[in-house]
Engineer: 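Before I ask anything, let me first share the structure, which is written out below as structure tokens.
Computed from a predicted model, the values in this text were never measured in an experiment. Here is how names work: the chains are called A, B, and so on, in the same order as the sequence lines, proteins then strands, and each is numbered from 1.
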Amino acid sequence: MPEPLRVRFPPSPTGHLHVGGARTALFNWLFARHHHGTYVLRIEDTDLSRSTEEYTQSLLEALRWLGLDWDEGPPTPGYRQTERFDVYRTHALRLLAEGKAYRCRCTPETLEALRKTAEARKETFRYPGTCRGANVPASEPHALRLAIPREGETVVHDVVRGDVAFSHAELDDWILVRTDGTPTYNFCVVVDDVTMRITHVIRGNDHLSNTPKQVLCYEALGYPLPAFAHIPMILAADKTRLSKRHGATSVLAFRDMGILPEAMVNYLARLGWSHGDQEIFTRQELVEHFDLAHVGSADAVFDLEKFKWVNHQWIMRLPAERLARELAPFLDRAGLPAPRDLAWLGRVVETLRERARTLVEMAEQAVFYLKAPAAYDPQATAKFWKDHAPERYALLIKRLEAQETMDPGALEGLYRFLAADLGLKLVDLAQLTRIALTGKAASPPIFEVVSILGKPETLARLRTAAAAVGAPR
RNA sequence: GACCCCGUCGUCUAGCCUGGCCAAGGACGCGACCCUUUCAAGGUCGAGAUCGCGGGUUCGAAUCCCGCCGGGGUCACCA
């Protein structure tokens with residue numbers, strides 16, 4: 001029986017979706033899909049000065065690219081906080097009417113002075129509750145504060161961390177609504193989660209300390225609490241919070257790096273969650289196995305090397321046709337001539353997939369398929385362009401001209417026969433051909449290359465090389 | 001600084017709840033060898049963690065308890 005479970009991902013459109021946010025989105029999505037629940041996307045755009053429509057679109061694009069589809073959210077109206085001010089107002093007014101919140105006329109300047117004094121005394125500043133019993137008239141400029149219990153403690157029952165207790169002495173009467181009438185983040189989150197009937201709040205561990213404040217707000221409002229699950233954070237190699245200075249951190253940047261969405265999802269899922277020794281998961285497997293019980297509690301370092309390995313695994317697994325479609329834009333971006341057609345590009349991909357960890361690498365390795373070498377690698381020519389090279393090229397050209405079938409097996413037969421005939425090793429002929437066709441000493445299996453390039457192109461490149469090696473160098 | 005969280009190979013992690021199967025398993029990366037037309041891929045082997053440290057409980061602790069240290073997070077009329 002499907003449970004009426006509802007989770008949400010609430011990004012702030014103040015930047016592109018970064019890996020930490022993506023992982024939070026993923027865990028929520030996996031949890032929802034695993035339990036056949038509802039996944040809600042909410043845009044937290046109350047910070048008007050930093051939120052932009054461009055970032056909102058970028059966020060949606062990243063989520064779509066990852067395949068994290070949402071059941072509720074934009075473009076349906078009502079899922080942006082800026083559209084919900086009435087809801088916050090209603091709740092704030094109710095709290096005020098019930099005496100659970102009060103007007104505060106303390107100015108930011110006054111508060112700042114108190115904060116400085118506390119700091120000077122090496123104490124932690126907390127709002128002393130000056131206006132709590134003052135009954136500040138509504139006509140005066142005022143903020144709205146939540147009246148929290150002075151005594152006792154609030155225990156957060158966290159699904160991944162267990163019970164975490166916070167003494168009320170550590171908390172204060174925090175602001176629900178600013179003097180300018182805008183609601184604060186913590187208040188919005190509570191009202192949104194309540195009105196959107198969220199049952200499980202899965203978010204980064206950096207929110208754990210804010211949770212008791214929110215719990216107190218739920219209680220003041222008289223609403224049942226959702227289950228909280230604070231997941232470990234993703235750190236950079238230096239164990240500090242991942243940020244721009246650590247290089248690519250935005251999901252879209254990884255896409256542009258030639259990372260496949262399958263790999264991104266796979267790698268992110270394994271950061272902080274595990275299923276025995278399994279490393280590679282399809283989306284279906286993730287949905288099937290994901291559970292909060294196996295979410296770890298220690299923060300994880302983002303390791304680009306392992307990430308690329310996961311990507312490589314996916315490059316090796318995906319159908320060539322799909323890879324060809326993914327690769328095409330990268331070829332285009334590199335300014336290369338268009339491939340003959342998608343099927344042909346699929347053959348190219350087959351020869352490259354075990355050699356490339358990213359699509360960018362694959363595009364680099366695909367260059368010679370689309371363009372004759374403009375130059376030959378000096379190290380390669382130094383090693384293989386010996387005195388006998390011209391005659392061997394001539395021989396190769398002659399034999400290939402007479403060759404009918406261009407399938408790799410037949411070509412290998414031809415080369416092996418010729419090598420034996422000349423008393424040479426296969427490698428001697430193979431490397432000469434490789435240099436002529438690719439310009440380098442390393443490439444995919446050369447008979448595959450010849451076959452894909454086709455007879456006319458192969459012969460043309462062989463002749464060019466023969467001319468180059470014959471010419472005085 | 002106060003409060004809170006976290007601490008197993010360089011990194012991601014299994015194991016911890018329900019002590020013994022762990023002289024700690026897998027993966028990335030690294031080294032060697034094998035395979036081989038090159039490069040990869042693949043295969044085999046190897047180096048790499050006295051389970052942050054110190055006490056305790058116990059016949060027995062990575063696993064339970066206490067203290068300490070280290071790292072991170074939160075302390076806004078930011079989100």
Side-chain angles (χ1 to χ4, degrees), chain A residues 10-12 14 44-47 49-51 81 104 106-108 111-112 115 118-119 121-126 142-145 156 158 160-162 164-167 169-172 174-186 188-189 204-213 230 232-233 235 237 239-241 267 270-280 293-294 296-310 312 316 351-356 365 380 384 412 415-416 419 425-431 433-435 438 440-447:
Chain A
S12 250
T14 54
E44 307 214 325
D45 57 353
T46 49
D47 185 352
S49 60
R50 292 194 299 149
S51 300
Q81 291 186 326
C104 168
C106 299
T107 62
L111 264 19
E112 192 48 41
R115 200 186 319 276
E119 248 169 61
R121 272 187 275 164
K122 297 203 162 202
E123 285 168 8
T124 302
F125 170 76
R126 285 183 200 87
H142 63 270
L144 206 64
R145 286 182 185 272
V156 176
D158 191 276
V160 330
R161 269 150 237 280
V164 185
F166 295 85
S167 166
E170 303 295 335
L171 275 18
D172 64 3
W174 54 282
I175 291 179
L176 302 171
V177 181
R178 301 183 186 95
T179 306
D180 67 5
T182 59
T184 61
Y185 165 78
N186 282 118
C188 292
V189 167
N205 193 224
D206 48 338
H207 290 282
L208 182 55
S209 302
N210 277 327
T211 308
K213 292 163 74 171
H230 288 91
M233 317 211 28
L235 271 24
K239 300 255 187 187
T240 65
R241 212 178 185 136
Y267 181 69
R270 280 287 289 105
L271 233 38
W273 175 81
S274 63
H275 181 67
D277 288 337
Q278 191 171 345
E279 298 283 354
I280 304 301
H294 289 87
S297 40
D299 294 343
V301 171
F302 187 88
D303 181 11
L304 190 58
E305 286 303 309
K306 182 152 186 180
F307 186 17
K308 284 184 177 175
W309 174 80
V310 171
H312 186 204
M316 292 209 279
T351 71
L352 260 22
R353 69 194 321 165
E354 60 198 29
R355 278 156 253 271
Q365 293 167 3
F384 296 102
E412 181 169 351
Y415 269 70
R416 285 198 186 279
K425 284 196 251 173
L426 183 59
V427 63
D428 298 320
L429 260 24
Q431 288 302 74
T433 308
R434 201 182 309 278
I435 292 171
T438 74
K440 301 192 179 97
S443 85
I446 198 61
F447 308 118

Engineer: We want to know whether A:His230 and A:Thr211 form a side-chain donor-acceptor pair, criterion being a heavy-atom distance below 3.5 angstrom.
Structural biologist: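 Yes, a side-chain donor-acceptor pair sits under 3.5 Å.
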Engineer: Could you check whether A:Thr184 and A:Asn186, counting side-chain N and O atoms only, form a donor-acceptor pair closer than 3.5 Å?
Structural biologist: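 No, no side-chain donor-acceptor pair sits under 3.5 Å.
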Engineer: So does A:Glu279 reach the base of B:G26 with its side chain, donor to acceptor, closer than 3.5 Å?
Structural biologist: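 Between B:G26 and A:Glu279, which were checked side chain against base, a qualifying N/O pair under 3.5 Å is present.
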Engineer: Respond yes when some side-chain nitrogen or oxygen of A:Lys239 is under 4.0 Å from OP1 or OP2 of B:U11, and no when none is.
Structural biologist: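 The answer is yes; a side-chain N or O of A:Lys239 sits under 4.0 Å from OP1 or OP2.
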Engineer: Check every strand shown and say whether A:Leu271 touches a base, only sugar-phosphate, or nothing at a heavy-atom separation below 4.0 Å.
Structural biologist: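 Touches sugar-phosphate only.
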Engineer: Answer with yes or no whether the side chains of A:Tyr185 and A:Ser12 bring together a donor and an acceptor at under 3.5 Å.
Structural biologist: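 A:Ser12 vs A:Tyr185: no donor-acceptor pair found between side chains.
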Engineer: Is there a Watson-Crick or G-U wobble partner for B:G1 with both distances under 3.5 Å, and which nucleotide is it?
Structural biologist: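 Checking every strand shown, B:G1 finds its partner in B:C75, with both distances under 3.5 Å.
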Engineer: Using the C1' atom as the reference point in each nucleotide, state the distance between B:C9 and B:G46 in Å, no decimals.
Structural biologist: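 Pairwise C1' distance, B:C9 against B:G46, rounds to 14 Å.
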Engineer: Taking atom types as they are modelled, is there a donor-acceptor pair under 3.5 Å from the base of B:C5 to the side chain of A:Arg161?
Structural biologist: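 Between B:C5 and A:Arg161, which were checked side chain against base, a qualifying N/O pair under 3.5 Å is absent.
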Engineer: Roughly how far apart, to the nearest Å, are B:C59 and B:G54 at atom C1'?
Structural biologist: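 One C1' to the other, the span is 23 Å.
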Engineer: Only pairs with both distances under 3.5 Å count, Watson-Crick or wobble alike; so what is the partner of B:C28 in this structure?
Structural biologist: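 By the stated definition (distances under 3.5 Å), B:G10 pairs with B:C28.
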Engineer: Suppose you measure atom P in B:U13 against the same atom in B:G52; what distance do you get, rounded to whole Å?
Structural biologist: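 Each nucleotide's P atom is 15 Å from the other's.
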Engineer: Is A:Pro445 touching bases, backbone alone, or none of the nucleic acid, heavy atoms closer than 4.0 Å?
Structural biologist: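 Base contact.
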Engineer: Quick check: any donor-acceptor pair below 3.5 Å linking the side-chain of A:Lys122 to the base of B:A2?
Structural biologist: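 No, no donor-acceptor pair under 3.5 Å.
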Engineer: So what does A:Gly204 hit on the nucleic acid, given a heavy-atom distance under 4.0 Å: a base, only sugar-phosphate, or nothing?
Structural biologist: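 No contact.
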Engineer: Provide the Watson-Crick or G-U wobble partner of B:G67, both distances under 3.5 Å; none if there is no partner.
Structural biologist: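 The base-pairing partner of B:G67, which may sit in any strand shown, is B:C53.
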Engineer: Quantified in whole Å, what is the C1' atom distance between nucleotide B:G55 and nucleotide B:C69?
Structural biologist: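 That atom pair is separated by 14 Å.
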Engineer: Using a 3.5 Å distance criterion without hydrogens, assess whether the side chain of A:Asn205 forms a donor-acceptor pair with backbone atoms of A:Met233.
Structural biologist: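 No; zero donor-acceptor contacts below 3.5 Å.
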Engineer: Phosphate oxygens OP1/OP2 of B:U37: is one of them under 4.0 Å from a side-chain N or O of A:Arg416?
Structural biologist: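 It does, given that an N or O in the side chain of A:Arg416 lies less than 4.0 Å from OP1 or OP2 of B:U37.
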Engineer: Let's test your reading of the model: under 3.5 Å, does the base of B:G25 pair with the side chain of A:Asp277 as donor and acceptor?
Structural biologist: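 In this structure, the two groups form a donor-acceptor pair.
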Engineer: Mind checking if A:Leu429 touches a base, just sugar-phosphate, or nothing, with heavy atoms under 4.0 Å?
Structural biologist: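 Since no nucleic acid heavy atom lies under 4.0 Å of A:Leu429, the category is nothing.
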Engineer: Could A:Glu305 and A:Lys308 be called an ion pair, given the rule that one side-chain N must be under 4.0 Å from one carboxylate O?
Structural biologist: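 Result for this pair is no, no salt bridge flagged.
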Engineer: What contact category does A:Ser12 fall into here, base, sugar-phosphate, or nothing, at under 4.0 angstrom with non-hydrogen atoms?
Structural biologist: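 Sugar-phosphate contact only.
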Engineer: Atom CG of A:Asn186 to atom P of B:A76: distance rounded to whole Å?
Structural biologist: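 So the two atoms are 11 Å apart, to the nearest Å.
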Engineer: For B:C77, does either OP1 or OP2 sit under 4.0 Å from a side-chain N or O belonging to A:Arg115?
Structural biologist: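 True: A:Arg115 side-chain N/O within range (under 4.0 Å) of B:C77 OP1/OP2.
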Engineer: Pick base, sugar-phosphate or nothing for A:Cys106, based on heavy-atom distances below 4.0 Å to the nucleic acid.
Structural biologist: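 Here A:Cys106 touches the bases of the nucleic acid.
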Engineer: Taking pairing as Watson-Crick or G-U wobble with both contacts under 3.5 Å, can you name the mate of B:A62, or confirm there isn't one?
Structural biologist: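 For B:A62, the partner nucleotide comes out as none, under the 3.5 Å rule.
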Engineer: If the threshold is 4.0 Å, N to carboxylate O, is there a salt bridge linking A:Asp206 and A:Arg241?
Structural biologist: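 Salt bridge present between A:Asp206 and A:Arg241.
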Engineer: When you measure only distances, ignoring hydrogens and angles, does the side chain of A:Thr179 come within 3.5 Å of the base of B:C77 through a donor and an acceptor?
Structural biologist: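 Side chain to base: pair found, below 3.5 Å.
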Engineer: When both hydrogen-bonding distances must be under 3.5 Å and the geometry is Watson-Crick or G-U wobble, what is B:C16 paired with, if anything?
Structural biologist: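 Its partner is none (no Watson-Crick or G-U wobble pair with both distances under 3.5 Å).
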Engineer: Determine: side-chain N/O of A:Ser209 to OP1/OP2 of B:C75, distance under 4.0 Å, yes or no.
Structural biologist: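 A:Ser209 to B:C75 OP1/OP2: no side-chain N or O under 4.0 Å.
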